Amino acid sequence: MTELAFHNSATRRREIFAPLDPQHVRLYVCGPTVYDLAHLGNARPVVVFDVLTRLLRRRYPRVTYVRNITDVDDKINARAQESGEPISAITARTTADFHRDMASLGCLPPDEEPRATDNIDRMVALIERLIANGHAYAAEGHVLFSVSSYLGYGALSGRSTEEMLAGARVEVAPYKREPGDFVLWKPSTDGLPGWDSPWGRGRPGWHIECSAMSWRYLGTEFDIHGGGHDLLFPHHENELAQSVCAFPGSRFAKYWLHNGMLLVDGEKMSKSLGNFRTVRDILERGAWAGEAFRLLLLKTHYRAALDYTVERLDEARAELDDFYALLARDLPAPEEDDALVAEMAEWALEPLADDLNTPLAITRLRDLRTLENVATVGGSATNLLSRIGRTWQPGSGQAAAALRAAAGVLGLLGTDPQAWRQGGAADDTAAIEAAIAARLAARRAKDWAEADRIRAALAAQGVVLEDGPGGTTWRRA
RNA sequence: GGCCCGAUGGCAGAGUGGUGAUGCAGCGGACUGCAAAUCCGCGUACGUCGGUUCAAUUCCGGCUCGGGCCUCCA
């Protein structure tokens with residue numbers, strides 16, 4: 001099997017993946033701040049790292065995937081103040097919405113999903129270590145990380161302290177020793193969530209929670225840290241600084257993976273810009289929409305920017321229609337250990353080993369589709385086989401089985417094909433079948449006018465007929 | 001202003017130092033009573049100016065344009 005290689009943001013180059021413990025791969029991905037519905041941009045890392053995790057699971061005996069829930073944050077506080085809804089209600093509801101939306105996109109839950117508020121003691125312990133190690137200081141109820149105490153600061157995001165100050169947009173506050181120092185702990189007034197600590201009643205800064213939760217579930221060193229590219233600085237830079245300084249000699253994450261931004265009209269989709277569309281908006285388009293959006297995301301390499309349009313969503317849907325048309329056929333099922341099926345599936349997935357090249361893997365899925373169509377419906381795959389350098393002559397059902405297996409690793413094509421094609425209002429199924437039988441009778445009698453009239457009537461109610469060698473099948477448009 | 005990334009045919013999007021993926025749309029053919037589905041075939045591309053090379057879309061540099069980060073942000 002081809003060895004895995006990923007682009008490591010920390011070194012800005014492609015590196016062979018060698019886990020710290022080949023028996024147990026560990027990864028941490030930054031999760032949502034639960035104050036509002038997830039937007040399309042929020043969904044990208046969830047889908048991307050879902051595929052990565054599925055890939056790792058089929059190659060390593062054990063994988064632990066941790067993704068946090070940030071349920072203490074000033075944006076949540078602000079939302080509660082605006083709406084009057086209690087914080088706990090907002091975070092509980094938003095977390096449930098997030099789970100539902102991500103499941104609709106075919107994402108499996110992480111192994112651990114810690115909440116920040118359940119790990120305050122860990123954060124306090126971490127901050128105490130940082131103070132003891134001379135990397136943090138308390139001032140006016142705040143605790144700050146001293147950036148100048150850590151020589152490696154800026155290495156991850158590739159910027160020097162001078163460069164960061166050149167922008168001169170860092171917040172200057174009287175309690176800071178240096179402008180670049182960032183908050184680990186801050187005081188809370190009575191109306192705000194707070195926890196008792198050695199520095200008084202307060203709440204954690206944003207960055208410290210990920211350091212605390214990755215430490216708890218994965219230890220001081222683990223394999224992969226993922227997240228959106230916009231988190232590289234300052235969030236991940238600060239996380240790294242905190243963790244390495246709290247545990248001298250440790251390296252924190254070995255590989256840093258960052259997904260590119262999702263754009264709309266050429267601009268980053270974000271809540272602060274107000275140009276976002278929620279996942280829920282997409283899902284409301286129909287039962288097909290979740291998987292179509294997932295395919296849309298995976299048709300672009302994870303590190304590239306992706307411009308979202310509704311046309312692309314429709315295109316992804318049409319492509320899934322074609323895949324499901326094939327899978328809906330009554331095909332013979334190959335043996336469990338069919339060698340050709342395994343070989344074809346492995347070939348289709350091979351591109352994932354090269355920095356998660358999902359677009360190329362999807363191209364190979366299409367090739368498997370053509371091979372199955374040729375085997376089942378007829379035609380020639382000579383040029384296709386020559387292009388891919390293979391001599392496969394799969395029998396009916398073999399390429400389809402490989403397609404199913406390979407697509408499963410991408411989290412695609414898992415829907416029941418009949419449900420995909422004929423889902424929706426189910427109470428007219430008998431009437432449709434009856435109409436098809438009537439049309440068949442008309443065709444036998446060569447009454448083409450009547451046959452076409454029935455077909456047109458069905459089309460008017462959104463039902464498309466397909467006359468195949470095995471009889472007539474139908475789907476909803 | 002600083003740092004980073006990108007620029008491929010009508011659209012989307014891989015990849016490669018030399019015989020130019022793939023999908024959608026378009027065109028032609030096979031099949032079909034006619035369609036649909038399916039199969040086969042066709043066309044247009046590598047932002048720009050230089051450099052290296054026998055050979056560059058692919059490597060290097062300048063320029064232009066676009067995006068991201070530097071502040072909450074997936």
Side-chain angles (χ1 to χ4, degrees), chain A residues 9 12 29-33 35 38-49 73-75 78 154 157-160 162-171 180 206 226-235 237 258-263 266-273 276 295-296 299-301 303-307 309 311-312 314-316 318-319 321-322 325-326 328-329 351 354 357-367 369-370 372-374 376-384 387-388 443 446-449 451-452 455-456 459 464-469 472-475:
Chain A
S9 304
R12 283 169 277 291
V29 175
C30 291
T33 300
Y35 70 103
H39 64 62
L40 304 185
N42 298 129
R44 172 119 97 140
V46 180
V47 169
V48 163
F49 292 107
D73 182 276
D74 287 350
K75 289 192 291 295
S157 54
R159 57 190 81 202
S160 67
E162 301 82 71
E163 283 165 8
M164 287 180 271
L165 294 179
R169 285 153 105 177
V170 284
E171 185 195 359
W206 175 35
H229 195 258
D230 53 349
L231 297 184
L232 182 57
F233 188 88
H235 185 52
E237 188 74 58
H258 289 99
N259 61 274
M261 295 296 95
L262 190 133
L263 313 177
E267 237 187 339
K268 177 182 167 183
M269 181 181 288
S270 82
K271 286 175 182 166
S272 48
L273 290 176
F276 66 92
L295 176 61
L296 182 160
K299 279 169 69 165
T300 298
H301 185 87
R303 286 197 290 114
L306 186 164
D307 208 347
T309 62
E311 289 77 19
R312 299 192 58 188
D314 289 335
E315 186 180 317
E319 196 162 356
D321 281 340
D322 290 342
L326 177 156
R329 289 197 206 115
D354 182 14
N357 192 340
T358 54
L360 189 55
I362 289 166
T363 292
R364 293 186 174 187
L365 255 33
R366 296 181 188 125
D367 290 336
R369 179 168 55 96
T370 300
E372 181 61 50
N373 280 330
V374 166
T376 308
V377 182
S380 157
T382 310
N383 279 7
L384 188 162
R387 193 186 86 230
I388 65 177
R443 292 182 70 206
K446 297 204 189 296
D447 183 354
W448 308 127
D452 290 349
R455 184 169 65 194
V464 179
L465 299 190
E466 292 169 4
D467 295 331
T472 299
T473 59
W474 64 277
R475 65 178 170 88

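Basis for what follows: all heavy atoms, side chains included, without hydrogens, waters or symmetry-related copies. As the structure is a computational prediction, the values presented were derived from the model and not from experiment. Numbers restart at 1 for each chain; the letters A, B, ... are given by sequence-line order, proteins then strands.
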Pair A:Lys268 + A:Asp230: basic N to acidic O under 4.0 Å:
yes
Residues A:Lys299, A:Glu315; criterion salt bridge (Lys or Arg N to Asp or Glu O under 4.0 Å); working and verdict
CA-CA 11 Å; A:Lys299 279 169 69 165; A:Glu315 186 180 317; 3.4 Å; yes
Within the structure provided, determine whether A:Leu306 and A:Arg44 are in side-chain contact (heavy-atom separation under 4.5 Å).
yes
Looking at every strand, decide which applies to A:Asp73 at a 4.0 Å heavy-atom threshold: base, sugar-phosphate, or nothing.
nothing
When A:Val464 and A:Asn357 are each assigned the nearest nucleotide of RNA chain B, the 5'-most assignment goes to A:Asn357
For A:Leu262, which of A:Asp307, A:Asn42, A:Leu40, A:Thr300 qualifies under side chain to side chain contact (heavy atoms under 4.5 Å, CB included)?
A:Leu40
Work out how far the P atom of B:G15 is from that of B:U8, and round it to whole angstrom.
14 Å
So, A:Arg329 and A:Glu372, do they make that salt bridge, N to O below 4.0 Å?
no
Using atom P in both nucleotides, what's the gap between B:C24 and B:U19 to the nearest angstrom?
26 Å
Separation of B:C34 atom P from A:Lys446 atom NZ, nearest Å, is 11 Å
Measure across A:Arg443 and A:Ala451 and return the closest heavy-atom pair with its distance rounded to 0.1 Å.
CG-CB, 3.6 Å
Which atoms form the tightest heavy-atom contact between A:Leu296 and A:Arg312, and what is the distance?
CD1-C, 3.6 Å
What interatomic distance, in whole Å, is found between P of B:A21 and the corresponding atom of B:U44?
11 Å
Provide the distance between the two C1' atoms, one in B:U22 and one in B:A14, to the nearest whole Å.
7 Å
For a quick check of understanding: with a heavy-atom distance under 4.0 Å over all strands, which category does A:Ile388 fall into, base, sugar-phosphate or nothing?
nothing
Please give the distance between the C1' atoms of B:A12 and B:A55 as a whole number of Å.
31 Å
Grab the N/O contacts between the protein and nucleotides 25-29 of chain B below 3.5 Å, and write none if there aren't any.
none

Does B:A74 have OP1 or OP2 sitting under 4.0 Å from an N or O in the side chain of A:Lys271?
no
Residues A:Cys30 and A:Leu231: closest non-hydrogen pair is CB-CD1, 3.8 Å
Begin with the C-alpha distance, continue with both residues' side-chain angles, and end with the deciding distance and a verdict on side-chain contact (heavy atoms from CB on, under 4.5 Å) for A:Arg475 and A:Leu465.
CA-CA 7 Å; A:Arg475 65 178 170 88; A:Leu465 299 190; over 6 Å; no
A:Glu237 CD - B:U71 P separation (whole Å):
13 Å
Checking B:U22, B:A74, B:C34 against the side chain of A:Thr363 (C-beta onward), the nearest is B:U22
Sub-3.5 Å pairs of nitrogen or oxygen atoms, protein against nucleotides 57-61 of chain B:
none

Using a distance-only criterion (donor-acceptor N/O pair, under 3.5 Å, no hydrogens), is the base of B:A35 paired with the side chain of A:Arg455?
yes
Distance check needed: B:A74 C1' versus A:Tyr35 OH, whole Å only.
11 Å
Report the distance from atom CZ of A:Phe233 to atom P of B:G2, rounded to the nearest whole Å.
17 Å
Taking B:G68 as the reference, what is the distance to B:A25 when you measure between their C1' atoms (whole Å, please)?
31 Å
Where do A:His258 and A:Arg303 land on the side-chain contact (heavy atoms from CB on, under 4.5 Å) test, with the steps shown first?
CA-CA 7 Å; A:His258 289 99; A:Arg303 286 197 290 114; over 6 Å; no
Among B:U22, B:A21, B:A74, find the nucleotide with the atom closest to the side chain of A:Leu360.
B:A21
In whole Å, what separates the P atom of B:U16 from that of B:U58?
13 Å
Identify the pairs formed between an N or O of the protein and an N or O of nucleotides 37-43 of chain B at a distance under 3.5 Å, and give each distance.
unit_1	atom_1	unit_2	atom_2	d
B:U38	O3'	A:Asn373	ND2	3.1
B:C39	OP1	A:Asn373	ND2	3.3
B:C39	O3'	A:Ser380	O	3.3
B:C39	O2'	A:Ser380	N	3.3
B:C40	OP1	A:Ser380	O	2.9
B:G41	OP1	A:Asn383	ND2	2.1

Angle class for the A:His39/A:Phe276 ring planes (parallel below 30°, perpendicular above 60°, tilted otherwise)?
tilted
So do the side chains of A:Met269 and A:Leu263 get within less than 4.5 Å of each other, counting heavy atoms only?
no
To the nearest 0.5 Å, what is the distance between CG on A:Leu326 and CG on A:Asp321?
13.0 Å
Using a 4.5 Å cut-off on heavy atoms from C-beta on, say whether the side chain of A:Trp474 contacts that of A:Glu466.
no
Using a cut-off of 4.0 Å on non-hydrogen atoms, how would the nucleic acid contact of A:Gly227 be classed: base, sugar-phosphate, or nothing?
sugar-phosphate
Choosing from B:C72, B:A74, B:U22, which nucleotide comes nearest the side chain of A:Lys75?
B:C72
Which is true for A:Gly266 with a 4.0 Å heavy-atom rule: it touches a base, it touches only sugar-phosphate, or it touches nothing?
sugar-phosphate
In whole angstroms, how far is the C1' atom of B:G23 from the CG atom of A:Leu295?
10 Å
If you restrict it to nitrogen or oxygen atoms, what contacts under 3.5 Å exist between nucleotides 9-13 of chain B and the protein, and what is each distance?
unit_1	atom_1	unit_2	atom_2	d
B:A12	O3'	A:Arg312	NH1	3.3
B:A12	O3'	A:Arg312	NH2	3.4
B:A12	O2'	A:Arg312	NH2	3.1
B:G13	OP1	A:Thr300	OG1	3.4
B:G13	OP1	A:Arg312	NH1	3.3

Which listed nucleotide (B:G15, B:A74, B:G68) is nearest to the side chain of A:Glu267?
B:G68
So what is the 5' to 3' dot-bracket string for RNA chain B, if pairs are Watson-Crick or G-U wobble with both distances under 3.5 Å, crossing pairs use [ ] and | means the partner sits on another strand?
(((((((..(((.....[...))).(((((.......)))))....(((((..]....))))))))))))....
When you compare the side chain of A:Glu319 with that of A:Leu295, does any pair of heavy atoms fall below 4.5 Å?
yes
Can you find a donor-acceptor pair, distance only, under 3.5 Å between A:Asp452 side chain and B:G33 base?
yes
Assign A:Leu232 to base, sugar-phosphate, or nothing according to its heavy-atom contacts below 4.0 angstrom with the strands shown.
nothing
At their closest point, which heavy atom of A:Ser157 faces which heavy atom of A:Glu237, and how far apart are they?
OG-OE1, 2.6 Å
Which one, B:G33, B:A21, B:C69, comes nearest to the side chain of A:Ala451?
B:G33
Sequence neighbours excluded, which residues qualify as side chain to side chain donor-acceptor pair (under 3.5 Å) partners of A:Asp354?
A:Arg14
Taking NZ, NE, NH1 and NH2 as the nitrogens, is one of them in A:Arg455 or A:Asp452 under 4.0 Å from a carboxylate oxygen of the other?
yes
Measuring only the P atom in each nucleotide, how far is B:G67 from B:A35? A whole number of Å is fine.
47 Å
So A:Arg303, base contact, sugar-phosphate only, or nothing? Heavy-atom distance under 4.0 Å.
nothing
Please report the distance, rounded to the nearest Å, between NE2 in A:His235 and C1' in B:A74.
11 Å
